[in-house]
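Hydrogens, waters and symmetry mates play no part in the numbers below; they use all other heavy atoms, side chains included. Note that the structure is predicted; figures quoted are calculated from it, not measured.
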Amino acid sequence: MTQLSMFIVMLAALVIPIMMARFKITSVPTAVAEIVVGIILGQSGLNLVHQTDTLTLLSDLGVILLMFLSGMEIDFGLFKPGSNDEQATASPVRLASVAFAGVLAMAALLSYALKVAGLFSDPLLATILFSTVALGVVIATLKEKEILSKPMGQTILLTAVLGEIVPMFGLTVYASINGGNASQLWLLVLLLLAALVLLYRFKQPFIWFNKVTKATTQLDIRLAFFLIFTLVIIAEQVGAETILGGFLAGMVMKLLEPHESTAEKLTSIGYGFFIPIFFIMTGVKLNLRELFANPAALVLIPILMACFFLAKLVPILVYRRRFSTRNAIAGGFLTATTITLVLPTLAVARGLHVISSSQSDAFILAAVLVCVLAPTLFNSVYRLSKEDLLKQRVVLVGANMLTIPIAQQLSKEWYDVHVVTTQQTNYETYDSEVDNLTFLPEITTATMQAAGLLDVDIFVASYLDDQANFDHAHVALEAGVPRIIAFQNNRAVDNDRVDHLIGEGVEIFNAFNVQTSVLRALIESPSVMGMLTDTEAGLYEVRVVNHRFTGRQLMELPFIDKITVSRIRRRNHWITPHGSTILEYNDRLIFTGKRDDVAEIRRQLRKQN
């Protein structure tokens, strides 16, 4: 029976995503489908799968890995308030903080209402459950809409991050109190200290690991599992929940700044094997027969569903301060999504004997139904706004004969270009030639932040004064701008400072080198120069972040007949492409093609599924 149950679970894990793809079921999260199939296969349905020691162990590892990957999903850079908001109170961080504070308050109010009504007697546990947000489902939905990096997406994402972190620590405190370990709560400090020590200890070695790792060692993956089991064991020893240890391990791994391929491999291990077993076994363990035979528990299901949605009313009101009413409502629906933390929370509660089996099943079934409805409602209601459609924000600091044509020629479909000048005469000369030209009498960190010049994707310091360009590039570095380009006009310049900027990731545009390179290319390769200056066809670059195309051969791309891929940039190395070359996540394709076709090709390759 043990082998049969294992076989059926593994078969189900394989077939579920295949059938969802076959019948184009995209609105229902895979996790929910796995729970539903588990219900059908378990004691509530066909009774084909039974709990075994092996499946229980794999399921426990699945929930720990789920929490680990949730910790890795946190983008700590988002916790820095944006500088381009017209009002500081409208930044994603502030909006998300206020929204989640409202969620906590509403969850507590609803929980005490249930207690007064005699429907559920533990308001603290209910508050934790109603305030949770399924971070993984939220991220997947935002990626599908291609708004994860946009203001609305960042705001919802940060709300979901708080909806996972705060209830996680709340659950640990709750378990300590109800488990008779309240006096040992201070030991949680030891768990946090252990996480900090591991982060500090492996910060530098991790860089070396990436250099020496190979297919037969996979040092990055071994380190990840070492972090997981170390912090899980410490969490158990100090009386905390194992899922908190797994979550902290994911945060430590994220702060080590692993390569995208490391995250891909860990995701493959988790979602390819362990996590589906956890979700399927969750459904297997549900006893709906007992639930439906209990009228009191059955009444709970619609009430709990309503509470999951009502607890997320406050984010709608908060989001309206910056976004449209329609999109604010959609954001409220998405934050109601809850499943990942609900399941381990209820497992802890059952272990503490503070909740009955039928009540636990009612919460799970309500969470499953909400997880089906919430993303579907979001996708139906949400509409892309103008700011969502902007691809990359570019600031050119300096208005001159070089930057103005660039601002005019960059595609408005791909870039939102802003030009800044400190010269009043230049402002008057070029104001009618570019859409977004700003005059600042003085460019300092404060004035650039106030004007939103540091909250951009690409920052170009393009003055004729090299020293000013280097100063502005340094300010942009401190502000964390993803990509910085600094002009170097004079060959007689401080080479040490140039080398320092290059070492920090700043791209130096040396006018003399560019001119000589262009002239040499014109002499040696006139056809290449013609291609670069052609208005109908040109040379383009795009980063592959659509998982639908990773792991596939170049010849299998549906639009390969419309482009010619000349080089591939992978992890700071150039690759000569062939038809059989396998694409990897974050590859940069250098290709030629007609301008009319490029927009759609870029959209497909850059779509984050």
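- In terms of modelled atom types and a separation under 3.5 Å, the side chain of N469 and the main chain of Y463 share a donor-acceptor contact.
- With T262 contributing its side chain and P258 its backbone, the two residues share no donor-acceptor pair below 3.5 Å.
- Aromatic rings from F378 and F333 are positioned such that their centres are separated by 6.0 Å or more.
- In terms of heavy atoms, V138 sits closest to L334 at CG2-O, 3.9 Å.
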| said: Could you walk me through whether I156 and T335 satisfy the side-chain contact (heavy atoms from CB on, under 4.5 Å) test, starting with their C-alpha distance in whole Å, then the side-chain angles of each, then the deciding distance to 0.1 Å, before giving a yes or no? | reply: CA-CA 7 Å; I156 298 174; T335 57; 4.2 Å; yes
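- With a 4.5 Å cut-off on side-chain heavy atoms, L104 and V166 count as touching.
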| query | When you look at Y430 and T403, which way does the side-chain hydrogen bond (donor to acceptor under 3.5 Å, both in side chains) test go after all the steps? | reply | CA-CA 11 Å; Y430 298 117; T403 58; over 6 Å; no
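- Side-chain contact between M152 and N327: present, with at least one pair of heavy atoms (C-beta onward) separated by less than 4.5 Å.
- Ring-plane geometry between F591 and Y540 is classed as tilted, the angle between the planes lying from 30 to 60 degrees on a 0 to 90 degree scale.
- Note: Q553 CD to I560 CD1 = 11.5 Å, rounded to the nearest 0.5 Å.
- In this structure, N426 CG and D431 CG are separated by 11.5 Å, a value rounded to the nearest 0.5 Å.
- From L66, atom CG reaches atom CG of L135 across 9.5 Å, with rounding to the nearest 0.5 Å.
- Contact annotation: the side chain of F225 approaches that of L65 to within less than 4.5 Å [non-hydrogen atoms, C-beta and beyond].
- Residues satisfying the side-chain hydrogen bond (donor to acceptor under 3.5 Å, both in side chains) criterion with T337, sequence neighbours excluded, are absent altogether.
- One distance of note links CG of L192 with CE of M251; it measures 9.0 Å at 0.5 Å rounding.
- The side-chain contact (heavy atoms from CB on, under 4.5 Å) check on L255 picks up F76, L199, with sequence neighbours excluded.
- Considering all non-hydrogen atoms of both residues, V252 and A195 come closest at CG2-O, 3.6 Å.
- Between A399 and T421, the shortest heavy-atom distance links the atoms CB-CB, 3.8 Å.
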| request: Would you please test R543 and L605 for side-chain contact (heavy atoms from CB on, under 4.5 Å) and show each step? | output: CA-CA 7 Å; R543 185 164 65 98; L605 290 173; over 6 Å; no
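- Listed for the R326 side chain is a donor-acceptor partner under 3.5 Å among the backbone atoms of V381.
- Of the residues T576, L589, T592, I590, the one that meets the side chain to side chain contact (heavy atoms under 4.5 Å, CB included) test with S566 is I590.
- Scanning for side-chain contact (heavy atoms from CB on, under 4.5 Å) contacts around A194 gives L231, I234, with sequence neighbours left out.
- E442 approaches T447 most closely through the heavy-atom pair O-OG1, 3.0 Å.
- Under the 3.5 Å distance criterion, with hydrogens and angles disregarded, a donor-acceptor pair is assigned to the side chains of T159 and Y319.
- In this structure a side-chain-to-backbone donor-acceptor pair under 3.5 Å is missing from K312 to G332.
- Looking only at side-chain heavy atoms (C-beta outward), L554 and V565 come within less than 4.5 Å of each other.
- Residues passing the side-chain hydrogen bond (donor to acceptor under 3.5 Å, both in side chains) test with E507, sequence neighbours excluded: R483.
- For the side-chain hydrogen bond (donor to acceptor under 3.5 Å, both in side chains) test, residues two or more places apart in sequence or in another chain that qualify with T438 are H418.
- Counting only heavy atoms from C-beta outward, the side chains of L501 and L477 approach each other to under 4.5 Å.
- Side chains of D587 and E584 form a contact here, defined as non-hydrogen atoms less than 4.5 Å apart.
- Atom-to-atom distance recorded for D220:CG and L256:CG is 11.0 Å, nearest 0.5 angstrom.
- Legend: residues meeting side-chain contact (heavy atoms from CB on, under 4.5 Å) with T325, ordered by chain and number and at least two apart, are R320, I329.
- Residues F509 and V460 have side chains not in contact (no heavy-atom distance under 4.5 Å, counting atoms from C-beta outward).
- Of all the heavy atoms in G398 and S462, the pair that sits closest is O-OG, 3.6 Å.
- Considering every non-hydrogen atom in both L266 and A224, the closest pair reads CD2-CB, 3.6 Å.
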| request: Start with the C-alpha distance between I316 and V314, add both sets of side-chain angles, then the distance that settles side-chain contact (heavy atoms from CB on, under 4.5 Å), and finish with yes or no. | output: CA-CA 5 Å; I316 297 176; V314 176; over 6 Å; no
| Stepwise, does the side-chain contact (heavy atoms from CB on, under 4.5 Å) test hold for V395 with V419? | CA-CA 6 Å; V395 162; V419 183; over 6 Å; no
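- The aromatic rings of F549 and F559 sit perpendicular to each other, their planes meeting at more than 60°, with 30° as the lower class boundary.
- Judged purely by atom type and a 3.5 angstrom limit, T581 uses its side chain to pair as donor or acceptor with the backbone of H578.
- Between the side chain of D597 and the backbone N or O of K562 there is no donor-acceptor pair closer than 3.5 Å.
- The existence of a salt bridge linking D416 and R393 is excluded, since no basic side-chain nitrogen approaches an acidic carboxylate oxygen closer than 4.0 Å.
- Between atom CZ of residue F247 and atom CZ of residue F169 there is a gap of 7.5 Å, rounded to the nearest 0.5 Å.
- Between V420 and L396 the shortest side-chain heavy-atom distance does not fall below 4.5 Å.
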